[in-house]
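Below is one structure; the comments refer to it alone.
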Amino acid sequence: MSHDQAHYLELLARGAAADAYDRPLLLARADGAGPEQLAALEHAKQLALRVRAELEGRRRREAELSALFETAHDLAGLRDLDAVLRAIVQRARSLLGTEVAYLSLNDPAAGDTYMRVTEGSVSARFQQVRLGMGEGLGGLVAQTARPYVTESYFDDARFEHTGTIDAAVKDEGLVAILGVPLMLGSQVIGVLFAADRRARVFEREQVALLASFAAHAAVAIDTANLLAETRSALADLERANAIIQDHSGVLERASDVHDRLTELVLRGGGVDDVAAALSEVLDGTVEFTAGGPDTARAGGHATRHGDDWVAAVAAGGEVFGSLVLHGHPDLDPAGRRTLERAAMVTSLLLLAERSAHDAEQRVRGELLDDLLDSPDRDPRLLRERAARLRADLDTPHVVLAARIDGTADETATRADATRAEPAAGRKSGARGGSWSRAGSLDGSAVSARETADRRRLWSAASHLAATRSGLAAARDGGTVLLLPLGPGDTAADLARQTARQLGGALREPVTVGASSPVDSPAEDPAPVATAYAQARRCLDALRLLGRSGEGAAAQDLGFLGLLLADPGDIDGFVHRTIGEIIDYDRRRGTDLVRTLDAYFASGMSPARTKDDLHVHVNTVAQRLERIGRLLGPDWQAPARSLEIQLALRLHAMSSSAGS
């Protein structure tokens, strides 16, 4: 026998968990063991697991036999038949974990069956019911002298339903019922029942256990007049005492768990600490999952899913996830309460973590706001604030402006609205109206959907900034980020990465414009505001160029990028190129700029232009003639038309940024 194979005997000797039997095989495989050795270990593992299962089964059977022996011993001490029967029904209900248990006896003189003892019953009609011989589930048990179980009483057609029985069962609210016969020799003298007010599957072992109690009950009834049934009653009471002691131990363990969880919270433990402590106490594997089965409707109670138990981690109607106990289908009520308490503690921890996270994100946003709005801040104080957020503002950073973009149709509709809006009615200023932390856009009304989108974008950007040791803030209807520039990265690389990551997190397109690098934001905050303006212009240019959902820096946009990076003469370029048309529209209230834009967008086709503008083709011709007189006869030449189209884009971008 090899050392590794002998290790399985050690595992058996110390009663190790089943998953521990995989370790020798995994270690051998990691050490490069050959196929024969691995096959031998696998064989040894399977043998050891079979031995372990056999030992577990024998221990369980030994415990059940011990319980039955103790029950018989307890019953022997009782002197009263009613006490014997009450003890049997009480213990049956307790050991099977059912809501109701009851015992019916046959009355040969009256020719019917009557309810003798009930436990957990709340219906007076049910407690006093008398049944004709052979009726109901009890009649089927008496007729066949075999146990019968129904998972749903009213849907079961195997036995005779009567109005009296169905009314009593309905009044009690019973659904799942297990009945076993009380036998004296070959004669059925009554039936012992265990029932629940919900659908339930009774295991074979539970049926056998209830049948064993029924056998003791029959013996007790047969020997009551001879005083022999008292011995069985005392045995049952002793069994009950053992159960109570065991239950008391479980409750004490649950109380200890509660104290440990409280200690975890007080010393700042996390969700993983709670799961680890719970795994140890419940002798299983507990993990927190963000998804898992739908437990929101469980009312705070642990529910069973297959071989697992699941407790919702929720607070204030919001479900954060679940605590899942794996491979422990026979969890007792005390264990379930322990799992539920742990879920409540976990929800408190998650709420605390969220509050701390939100507070940190607000602080990050405030620091970025100060860099943008107050460039005269003391560099030393800026560094101290950044250090508390694990950010280094003495390294090169890039300013990024991000916005969520909807569908192509929504984007086009917004662009049309922007072009159609009179220039005099648009707001000016670098910020245009910033989105406050309360979630509103100052100076303009936005839809609930847009507000929600901006909140989501700010949340995702804040998380990204925290993971990248950067800053993020809500601003100008979108989000601004200040992220460190990594070795070998460019501003364009960072913009594309950010657009991809934010778009993936939000599952919809996010457009990101990047500035040129800012060498040291802490040493000289003034360039941060300039860089943000550049990033916003790049963002607007991407959207106007039909590149929504992408990320780019000014150098990605060719000649347009050069203008964006150094916008000193953009207004002059626009005025020199199409200024006369802009002035004409402003003075006369005409739509020459919009007509010119639509004309180029339609491939210089008057027919398609009139469709886009919804006007007559003669109107388009008249407007184009007026444009020709204002711009000169060569305005449609390739070189001149390129400048005019660029000026139109820049004019639209400038109008959009100022709105």
Side-chain angles (χ1 to χ4, degrees), residues 67 71 85-105 113-129 131 136-138 140-141 147-156 159 161 164-182 190-214 217 236 239-240 243-244 246-248 250-251 254 295 297-305 309-311 328-340:
T71 301
L85 299 182
R86 281 197 302 272
I88 290 172
V89 173
Q90 289 170 358
R91 303 319 164 206
R93 178 193 178 203
S94 175
L95 289 177
L96 269 70
T98 58
E99 296 171 290
V100 182
Y102 51 100
L103 184 148
S104 67
L105 292 180
T113 299
Y114 65 98
M115 197 73 69
R116 178 63 183 269
V117 180
T118 65
E119 179 69 15
S121 171
V122 296
S123 168
R125 177 190 296 182
F126 184 79
Q127 296 168 14
Q128 299 171 9
V129 69
L131 313 174
L137 176 64
L140 183 61
V141 174
Y148 271 86
V149 60
T150 177
E151 299 178 17
S152 180
Y153 177 85
F154 292 100
D155 297 327
D156 200 328
F159 45 83
H161 288 267
T164 302
I165 299 176
D166 286 358
V169 172
K170 184 175 182 180
D171 197 36
E172 187 62 46
L174 301 181
V175 177
I177 304 176
L178 165 63
V180 296
L182 275 66
V191 180
L192 179 61
F193 299 87
D196 265 343
R197 297 185 177 93
R198 55 183 174 81
R200 168 178 175 168
V201 175
F202 288 96
E203 303 293 340
R204 184 171 57 186
E205 293 80 2
Q206 294 175 318
V207 176
L209 186 58
L210 190 63
S212 298
F213 271 98
D236 192 54
R239 171 66 177 168
I243 294 172
I244 291 172
D246 181 66
H247 186 63
S248 176
V250 172
L251 292 177
T295 57
R297 300 178 183 176
H301 298 296
T303 58
R304 182 172 172 178
H305 292 267
W309 283 89
V310 181
H328 214 314
D330 56 347
L331 188 65
D332 57 30
R336 282 175 243 166
R337 287 193 295 273
T338 299
L339 186 62
E340 293 160 4

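Predicted model, so just to flag it, every value in this text is computed and none were measured.
Under 3.5 Å, the side chains of H301 and T303 contain no donor-acceptor pair of N or O atoms.
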Mind running side chain to side chain contact (heavy atoms under 4.5 Å, CB included) on L182 and L105 for me, showing each step along the way? CA-CA 9 Å; L182 275 66; L105 292 180; 4.3 Å; yes
Could you walk me through whether T98 and L178 pass the side chain to side chain contact (heavy atoms under 4.5 Å, CB included) check? CA-CA 10 Å; T98 58; L178 165 63; over 6 Å; no
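When every heavy atom of P181 is checked against every heavy atom of A214, the shortest pair comes out as O-CB, 3.5 Å. For the residue pair G120 and V100, the shortest heavy atom distance occurs at O-CG2, 3.7 Å.
Between I177 and D156 the shortest side-chain heavy-atom distance does not fall below 4.5 Å. The shortest side-chain heavy-atom distance between V175 and D196 does not fall under the 4.5 Å cut-off. Using a 4.5 Å heavy-atom cutoff, the side chains of R200 and Q206 are in contact. L137 places none of its side-chain heavy atoms less than 4.5 Å from the side chain of V191. Counting only heavy atoms from C-beta outward, the side chains of L210 and F202 never approach each other to under 4.5 Å.
Expressed to the nearest 0.5 Å, how far OG1 of T118 lies from CZ of F126 amounts to 7.5 Å.
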Run the side-chain donor-acceptor check on residues 164-174: report pairs under 3.5 Å with partners two or more places apart or on a different chain.
residue	atom	partner	partner atom	Å
D166	OD1	Y153	OH	3.3
D166	OD1	H161	ND1	3.1
D166	OD2	H161	ND1	3.3
D171	OD2	S123	OG	2.6
E172	OE1	S121	OG	2.7
E172	OE1	V122	N	3.3
E172	OE1	S123	N	3.0
E172	OE2	V122	N	3.0
E172	OE2	R197	NH2	2.6

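Here E151 pairs with V201 under the side-chain contact (heavy atoms from CB on, under 4.5 Å) rule; sequence neighbours left out. Partners of F193 by ring-ring contact (aromatic ring centres under 6.0 Å, His included), not counting sequence neighbours, listed by chain and number: Y102.
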